[in-house]
Amino acid sequence: MAWGLVFTSNREEVGYEKPGSDQIWYTADDEPHYYTLYSYRQKSLHLQITYTEPGSDNKWFTEDDEIAEYIKRKFNYDGALLKEESFNGPGPDQTWFTYDDVMDWFIHYELQVFPR
């Protein structure tokens, strides 16, 4: 199973760059510029996937939409952020969410405990 594909809680963000052909915002013909899915576990953001193209069927919000990037996060048992990793390509196997995805950047956080 690929990491993070079981969503327990989700949020979606859709970004628009301009109104649709009727030139009126917030109508049915407005076309997304991108959308991002956010997956949470125990109130912490674990996976963020951004799509920037509608895919070969030319329809947004379908299985073939093109991923631009995904970011996965790891937390400790207390909910402190330990690691963030961003991937911007599917790797040689051309399948997203597998071991060979192309890493764009990563951040590892160090936790310091101070005595009282």
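Quick note: residue numbers are just sequence positions, from 1. Predicted model, so just to flag it, every value in this text is computed and none were measured. Heavy-atom basis, side chains included; hydrogens, waters and symmetry copies ignored.
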Participant: Is Thr50 close to Ile67 at the side-chain level, that is, under 4.5 Å between some pair of heavy atoms?
Facilitator: no
Participant: Is there a continuous path of hydrophobic side-chain contacts, each under 4.5 Å between heavy atoms, that joins Ile24 to Tyr26?
Facilitator: no
Participant: With a 4.5 Å cut-off on side-chain heavy atoms, are Arg73 and Lys83 touching?
Facilitator: no
Participant: Indicate, with yes or no, if the rings of Tyr70 and Phe97 have centres closer together than 6.0 Å.
Facilitator: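 They qualify: ring centres under 6.0 Å apart.
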Participant: Fit a plane to each ring of Phe61 and Tyr35, take the angle between them on a 0 to 90° scale, and name the class: parallel (under 30°), tilted (30 to 60°) or perpendicular (over 60°).
Facilitator: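 Plane angle between 30° and 60°, so tilted.
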Participant: In the single-linkage hydrophobic clustering (I, L, V, M, F, W, Y; side-chain heavy atoms under 4.5 Å), do Trp96 and Val102 co-cluster?
Facilitator: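 As far as the 4.5 Å side-chain criterion goes, Val102 and Trp96 are not connected within one cluster.
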Participant: Is any side-chain heavy atom of Thr95 less than 4.5 Å from a side-chain heavy atom of Pro90?
Facilitator: no
Participant: Is a side-chain N or O of Asp100 found less than 3.5 angstrom from the main chain of Asp93, in a donor-acceptor match?
Facilitator: yes
Participant: Using only atom types and a distance under 3.5 Å, with no angle test, would you say the side chain of Asp30 pairs donor to acceptor with the backbone of Gly20?
Facilitator: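 A pair under 3.5 Å: yes.
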Participant: Answer whether the closest heavy-atom distance between the side chains of Met103 and Ser86 falls below 4.5 Å.
Facilitator: no
Participant: Could you tell me whether a side-chain N or O of Asp104 sits under 3.5 Å from a main-chain N or O of Asn88, the two making a donor and an acceptor?
Facilitator: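 Looks like no, no N/O pair under 3.5 Å.
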Participant: When you compare the side chain of Ile71 with that of Leu47, does any pair of heavy atoms fall below 4.5 Å?
Facilitator: no
Participant: Would you say that Phe87 contacts Lys72 through its side chain, given a criterion of any heavy-atom pair below 4.5 Å between the two side chains?
Facilitator: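 Result yes, sub-4.5 Å side-chain heavy-atom pair found.
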Participant: Does the side chain of Tyr34 come under 3.5 Å of the side chain of Glu13 through a donor N or O and an acceptor N or O?
Facilitator: yes
Participant: Side chains of Glu84 and Tyr109: do they bring a donor and an acceptor to under 3.5 Å?
Facilitator: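 There is such a pair between these side chains.
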Participant: Test of understanding: clusters of I, L, V, M, F, W, Y form through side-chain heavy atoms closer than 4.5 Å, transitively. Do Phe75 and Leu82 belong to the same one?
Facilitator: no
Participant: Between Thr36 and Gln48, is there a side-chain donor-acceptor contact under 3.5 Å, judged purely by atom types and distance?
Facilitator: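 The criterion, which ignores hydrogens and geometry beyond distance, is not satisfied for Thr36 and Gln48.
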Participant: Without swapping roles, check the side chain of Asp64 against the backbone of Ser56 for a donor-acceptor pair under 3.5 Å.
Facilitator: yes
Participant: Report the relative orientation of the aromatic rings in Tyr40 and Tyr38; use parallel for angles under 30°, tilted for 30 to 60°, perpendicular for over 60°.
Facilitator: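 Tyr40 and Tyr38: tilted rings.
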Participant: Shared ILVMFWY cluster between Leu111 and Phe106, side chains joined below 4.5 angstrom?
Facilitator: no
